[in-house]
Amino acid sequence: MEQKGSSTGKGRGRDKEFVREITPQAVDYSQWYIDVVLKTELMDYAPVKGCMAIRPYGYAIWEKMQELLNRRFKETGHQNAYFPLFIPQELLQKEAEHVEGFAPEVALVTQGGGEKLSEPLVVRPTSEAIICDFYSRWIQSWRDLPLLINQWCNVVRWEKVTRPFLRTSEFLWQEGHTCHRTEEEAEAETLKMLGVYQDFLEKEMAIPVIAGRKSERERFAGALRTYTVEGLMRDGRALQAGTSHNLGQHFARVFDITYLDQDDSLKHVWQTSWGVSTRLIGALIMVHGDDRGLILPPRIAPLQAVMVPIISRNARDEVLAAARRLAEMLQGAGIRLKLDDREGYTPGWKFNEWEMKGVPLRIELGPRDLAAEQVVLVRRDSGAKETVPWAELPRRLPLLLEELQEDLYRRALEYMQERTRSGGDYDEFLQVMERERGFFVASWCGREECELKAKEESKATIRCIPFDREMEQKNCIVCGRKAAEVVYFARAY
RNA sequence: CGGGGCGUAGCGCAGUUUGGUAGCGCGCUUGGUUCGGGACCAAGAGGCCGCGGGUUCAAAUCCCGCCGCUCCGACCA
């Protein structure tokens, strides 16, 4: 791990206790992750396996994501709507490949009101089926197109192995479902929304991603083509951060979604669907976090700064009054700032608490600062301190937050680049996947046989076929035949 | 679904080998002194010992069954 154990970081004895609270990444990355989500109060386990409560601090992050994504969805012409939780089983079964893909993990309701239902209801694992059923009635004319709708909802997938945020039986997400007149328009929409995800991830979440197409094997059940953005976590494993599907006319045909075109002929629509989920909270944790806990990028952080007053017997009221005045002023200037004026906790305790929770900036105000009309600013990511006069704060704070945001992105990008190998033969590929992991860029013949062989022997899968990467080698890394594509391999969550 | 680990106070654990009616640290409550990197003192509150059955005068402890969590492997956002 790049981040050193906190016990060696600053040479303070107290850090030992800290290590006991959150398992260091280098000791056990999975345990570190669990410790972080529980101790920072992002979630709590539910009595039902694979389910969880998203606690206020975690939900605040989700709300921030929703806000920033909604803005983008609306800018690209989409409207929000809501569709039902229950899907008649018969509807889900219409698209053969779709049902095959999802049947193993659906929850089925067979009873209601104390009586056996005449037809079982599926709890939506995704909403293509129910939405297509509506769309077949809503769309009549070419004038009804394009239809651009998104919904925010929960979905249920009966997963065998679960992990908070990354893979839960129930999760929150958004799913966009659009209909278009032409294949080209649908393809353009699919790629546009993938671009929206990439932009959101990189600009707001400070998470660099590789964008590309999924291999045939990894394609969404029922889709023509699936596109993806893939991030790299700090343990070298990849995470599918968002997907965008060109559904072609597969669903339109079985659900009979047709429109009368200008040339007086009846045509099937071309569809897309795309989604991101609360899994992104997991990505946020794993891309930026360190041994002390979360590090939240300022644009997505529910709290961008926390002000800790340091009071002493003789300067108590004065310090608190100045802190309140400053806090109000900065909140008024649009900074998401909390004044932590709780009594009974020492400043050191508060420092550690907010560091663990990943608040990007800390503002200290004590008797010495009061006299000099200044504060001490401390960055969560680097620990760097600076003193800033009160009058400068409204200017300095936004700048510093922006710098921090950029630094987090740059740090994550550098990590991803360092952990992206290209070239090398199959043996080297196997070794990399066994040891340091990360991305391995290689040429591939395009045959599923090789994809499966690589997976079996390395546990790595083809994460995506990137849009903008030149093929460096002429032959498939697995079989040595003439290569058709360049692909990113990685072990994935 | 296969393999390992763990279920005792909110959290972390001891107690289980050898049965005798539950303890420690942190946290929590109240009062006081403190406050520039996890403060201190005092007094308190808090337990179906995962669930069900069995053995026994007596079970956290022994036996049988089940459930849950977690980690590692095959599927998914």
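Letters go in sequence order (proteins before strands), and every chain restarts at 1.
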Identity of whatever pairs with rG36(B) - Watson-Crick or G-U, under 3.5 angstrom: none

Sequence neighbours excluded, which residues qualify as ring pair (Phe, Tyr, Trp, His ring centres under 6.0 Å) partners of W158(A)? none

What residues, two or more places apart in sequence or in another chain, satisfy ring pair (Phe, Tyr, Trp, His ring centres under 6.0 Å) together with F429(A)? Y426(A), F440(A), F489(A)

Not counting sequence neighbours, which residues clear side-chain hydrogen bond (donor to acceptor under 3.5 Å, both in side chains) with N150(A)? List them please. N80(A), Q174(A)

Taking the P atom of each, how far is rA60(B) from rG53(B), in whole Å? 14 Å

Nucleotide forming a Watson-Crick or wobble pair with rA58(B), both distances under 3.5 Å: none

With sugar-phosphate taken as primed atoms, P, OP1 and OP2 and all else as base, the protein-contact string of nucleotides 72-77 of chain B at under 4.0 Å (heavy atoms; B, S, -) is SBBBBB

Which whole number of Å gives the distance between the C1' atom of rC26(B) and that of rG36(B)? 25 Å

Is K453(A) atom NZ crowded by more than 12 heavy atoms from other residues, nucleotides or ligands, each under 6.0 Å away? yes

So what does P104(A) hit on the nucleic acid, given a heavy-atom distance under 4.0 Å: a base, only sugar-phosphate, or nothing? nothing

Using a heavy-atom cut-off of 4.0 Å across all strands, would you classify V376(A) as base, sugar-phosphate, or nothing? base

Counting Watson-Crick and G-U wobble pairs only, both distances under 3.5 Å, name the nucleotide matched with rA42(B), or none. rU30(B)

Taking atom types as modelled and ignoring hydrogens, do the side chains of D35(A) and Q31(A) form a donor-acceptor contact shorter than 3.5 angstrom? yes

Whole angstrom is fine here: how far is it from CG in D35(A) over to P in rC71(B)? 10 Å

Show every donor-acceptor pair shorter than 3.5 Å between a side-chain atom in residues 319-329 of chain A and any protein atom, with sequence neighbours excluded, or say none if there are none.
residue, atom, partner, partner atom, Å
R324(A), NH2, D341(A), OD2, 3.3

Can you tell me how far P in rG15(B) sits from the matching atom in rU8(B), rounded to whole Å? 14 Å

Nearest-Å distance, CD1 (I310(A)) to C1' (rG36(B))? 5 Å

rC26(B) C1' sits how many Å from W349(A) CH2, rounded? 12 Å

Whole-Å P distance, rC75(B) and rC28(B): 46 Å

Heavy atoms under 4.0 Å, any strand shown: does G282(A) hit a base, just sugar-phosphate, or nothing? nothing

Could you tell me which nucleotide pairs with rA22(B) by Watson-Crick or G-U wobble geometry, both distances under 3.5 Å, or answer none if nothing does? none

If I take atom CG in residue N352(A) and atom P in nucleotide rG27(B), what distance separates them, rounded to the nearest angstrom? 13 Å

When the nearest nucleotide of RNA chain B is assigned to R316(A) and to C51(A) on a heavy-atom basis, which residue is associated with the more 5' position? R316(A)

Rounding to the closest angstrom, what is the interatomic distance between rU70(B) and rG50(B) at atom C1'? 15 Å

To the nearest Å, how far apart are E343(A) CD and rG32(B) P? 11 Å

Presence of salt bridge, K64(A) and E67(A), under 4.0 angstrom: yes

Counting only Watson-Crick or G-U wobble pairs whose two distances fall under 3.5 Å, which nucleotide matches rC69(B)? rG5(B)

CA sep, side-chain torsions, deciding dist, call: L42(A), W62(A), side chain to side chain contact (heavy atoms under 4.5 Å, CB included): CA-CA 10 Å; L42(A) 293 180; W62(A) 181 237; over 6 Å; no

Taking only the P atom of each, what is the distance from rG31(B) to rG68(B) in whole angstrom? 44 Å

Sidechain N-carboxylate O distance under 4.0 Å for E451(A), K455(A): no

Separation of atom CD in Q31(A) from atom C1' in rG4(B), rounded to whole Å: 15 Å

Separation of rC11(B) atom P from I22(A) atom CD1, nearest Å, is 17 Å

Over 12 foreign heavy atoms within 6.0 Å of CD, Q79(A): no

Complementary nucleotide for rC48(B) - Watson-Crick or wobble, under 3.5 Å: none

Can you sort out which residues in residues 194-205 of chain A have a heavy atom within less than 4.0 Å of RNA chain B? Ascending by number, please. none

Can you see whether R463(A) engages T461(A) through a side-chain donor-acceptor pair at a distance of less than 3.5 angstrom? yes

On RNA chain B, nearest-nucleotide positions of G348(A) versus P164(A): which is more 5'? G348(A)

Rounded to whole angstrom, note down the C1' distance from rC48(B) over to rC41(B). 36 Å

Pairwise P distance, rU17(B) and rC64(B) [rounded to whole Å]: 15 Å

When you measure from the side chain of V378(A), which nucleotide among rU34(B), rG37(B), rG36(B) comes out closest? rG37(B)

T346(A) vs rC35(B): side-chain N/O to OP1/OP2 distance below 4.0 Å: no

